[in-house]
Amino acid sequence: MGKRVAKRYAAERRFRLFGLAAVGLSLAFLAFLLITMLMKGIGGLSLEFLSNSDATEAANAGVWGALKGSLLTILVTMAIAFPIGVLSALYLEEFAPRNRWTDLIEVSINNLAAVPSIIFGLLGLAVFLNFMHLPRSAPLVGGLTLALMTMPVIVIAGRNAIKSVPPSIRDAALGVGASKMQVVFHHVLPLALPGILTGTIIGMARALGETAPLLMIGMRAFIATPPRGITDPSSVLPVQIFLWSDEVDRAFVEKTSAAIIVLLIFMLLMNGLAIYLRNKFERRW
């Protein structure tokens with residue numbers, strides 16, 4: 001008996017060591033990225049860099065236009081993908097009958113979550129630009145395209161979060177006379193919201209760093225004026241970084257590293273806000 005306990009503790013220690021090593025390796029890569037970008041781009045960070053838009057000369061180039069475009073694009077993505085994704089997850093998990101059609105929908109959603117992002121860019125080009133004739137290079141089209149890409153992730157995460165709500169919550173609410181809609185929206189959804197927000201964080205982080213689908217809808221154009229709304233021509237931070245990295249002028253190397261720092265800070269702020277909201281709504285049972 002004593003040998004069995006000793007083997008179990010030894011296995012647990014090995015597992016902890018492997019876990020710490022994995023975490024340490026991940027943090028080392030992150031620290032290497034941050035240190036490298038800071039060394040190359042800290043000199044390019046200035047008030048003018050943050051307030052200017054793109055320019056042909058590196059000395060006058062800034063990220064404000066791309067930063068505003070990223071913000072507008074992500075707002076459109078969130079406004080479309082989050083409510084539709086959550087309502088779809090609620091319907092599939094709580095209301096939809098179990099038959100071959102719902103099985104087909106579930107398989108389709110799981111497949112869409114694994115589709116390469118360039119395919120969504122082609123879809124956005126065909127539907128939103130060629131068919132619907134929406135304005136090219138606009139945050140509206142970029143947000144719609146990224147919403148299509150993000151929605152499957154939110155639906156899958158939402159369904160898993162809804163499944164994790166104990167059945168006793170539903171039974172207790174139904175037992176005191178609540179309707180099915182009241183049970184779902186007053187009890188199940190608030191308890192599942194932290195898990196749904198976790199999936200939303202993952203989807204939004206992926207969308208914020210995407211370049212390929214936005215290149216397909218024309219958001220790689222030279223835009224010297226910041227967008228005033230979601231229908232104005234615009235660029236986004238990842239595309240701006242891609243364009244500057246391809247410039248012949250070596251002065252853009254510092255601008256590229258500085259833009260990467262701004263993108264990382266922007267992502268950290270967005271994820272921090274989402275994590276705060278998730279922890280605020282989290283409930284334990």
Side-chain angles (χ1 to χ4, degrees), residues 4-5 8-9 11-12 15-16 19 22-23 73-115 120 143-208 267-285:
R4 190 178 301 173
V5 173
R8 186 178 66 187
Y9 283 136
E12 289 180 357
F15 179 77
R16 289 177 181 175
V23 173
T73 302
I74 287 298
L75 288 177
V76 173
T77 303
M78 177 72 76
I80 295 172
F82 183 73
I84 296 178
V86 172
L87 291 176
S88 300
L90 285 173
Y91 174 75
L92 290 173
E93 199 59 37
E94 297 291 334
F95 297 101
R98 295 295 181 260
N99 53 38
R100 67 180 64 183
W101 296 111
T102 54
D103 292 340
L104 179 62
I105 292 173
E106 291 176 9
V107 172
S108 301
I109 291 173
N110 291 329
N111 289 335
L112 283 173
V115 169
F120 289 100
L144 289 170
T145 304
L146 294 179
L148 293 177
M149 185 187 70
T150 308
M151 227 180 301
V153 178
I154 297 177
V155 173
I156 294 172
R159 293 194 63 190
N160 291 331
I162 293 167
K163 285 180 183 178
S164 67
V165 177
S168 57
I169 300 293
R170 299 174 177 85
D171 296 338
L174 291 172
V176 297
S179 66
K180 181 68 174 178
M181 294 289 290
Q182 290 173 330
V183 170
V184 170
F185 287 98
H186 294 177
H187 300 280
V188 175
L189 181 58
L191 293 175
L193 192 58
I196 296 173
L197 288 176
T198 301
T200 303
I201 293 170
I202 297 172
M204 289 299 111
R206 179 190 174 193
L208 184 59
M267 291 183 66
L268 287 174
L269 290 176
M270 283 195 59
N271 289 339
L273 177 61
I275 292 171
Y276 167 76
L277 293 175
R278 183 191 65 186
N279 293 335
K280 181 178 180 180
F281 290 112
E282 186 174 11
R283 300 183 184 181
R284 300 184 182 275
W285 53 81

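The side chain to side chain contact (heavy atoms under 4.5 Å, CB included) search around N111 returns V107, not counting sequence neighbours. Annotation: side chain to side chain contact (heavy atoms under 4.5 Å, CB included) contacts of S108 (sequence neighbours excluded): L104. Applying the side chain to side chain contact (heavy atoms under 4.5 Å, CB included) criterion to L75, with sequence neighbours excluded, gives L71. With sequence neighbours left out, the side chain to side chain contact (heavy atoms under 4.5 Å, CB included) criterion links F185 to L87, L90, M181, L189. For S88, the side-chain hydrogen bond (donor to acceptor under 3.5 Å, both in side chains) test picks out no residue, with sequence neighbours left out.
Considering all non-hydrogen atoms of both residues, G158 and A89 come closest at C-CB, 3.9 Å. Heavy-atom minimum distance, A178 versus V183: CB-CG2, 3.9 Å. Closest heavy-atom contact between A161 and A192: CB-O, 3.5 Å. Here the closest non-hydrogen pair linking P190 and H186 is CG-O, 3.5 Å. For the pair V153 and G199, the tightest heavy-atom approach, listed with the atom from each and the gap, is CG1-O, 3.9 Å. Contact between R98 and A96 at its shortest, heavy atoms only, is NH1-O, 3.1 Å.
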Tabulate below the donor-acceptor pairs under 3.5 Å that side-chain atoms of residues 78-85 make, not counting sequence neighbours, or state none.
none

Residues 167-176 side chain polar contacts: donor-acceptor under 3.5 Å, at least two apart:
from, atom 1, to, atom 2, distance (Å)
R170, NE, E94, OE2, 3.2
R170, NH1, V165, O, 3.0
R170, NH2, E94, OE2, 2.8
R170, NH2, I162, O, 3.0

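Taking CD1 of I196 as the start and CG of N160 as the end, the distance is 10.5 Å to the nearest 0.5 Å. We find the OG1-CG distance between T102 and L92 to be 7.5 Å, quoted to the nearest 0.5 Å. The distance from the CG atom of L148 to the OG1 atom of T77 is 9.5 Å, given to the nearest 0.5 Å.
For residues 79-92, no pair satisfies salt bridge (charged side-chain N to carboxylate O under 4.0 Å, His left out), with sequence neighbours left out. Pairs of residues two or more places apart, or lying in two chains, that qualify as salt bridge (charged side-chain N to carboxylate O under 4.0 Å, His left out) and include a residue from residues 153-163 are E93-R159, E106-R159. The side chain to side chain donor-acceptor pair (under 3.5 Å) pairs that include a residue from residues 147-158 number zero, where partners must be two or more places apart or lie in different chains.
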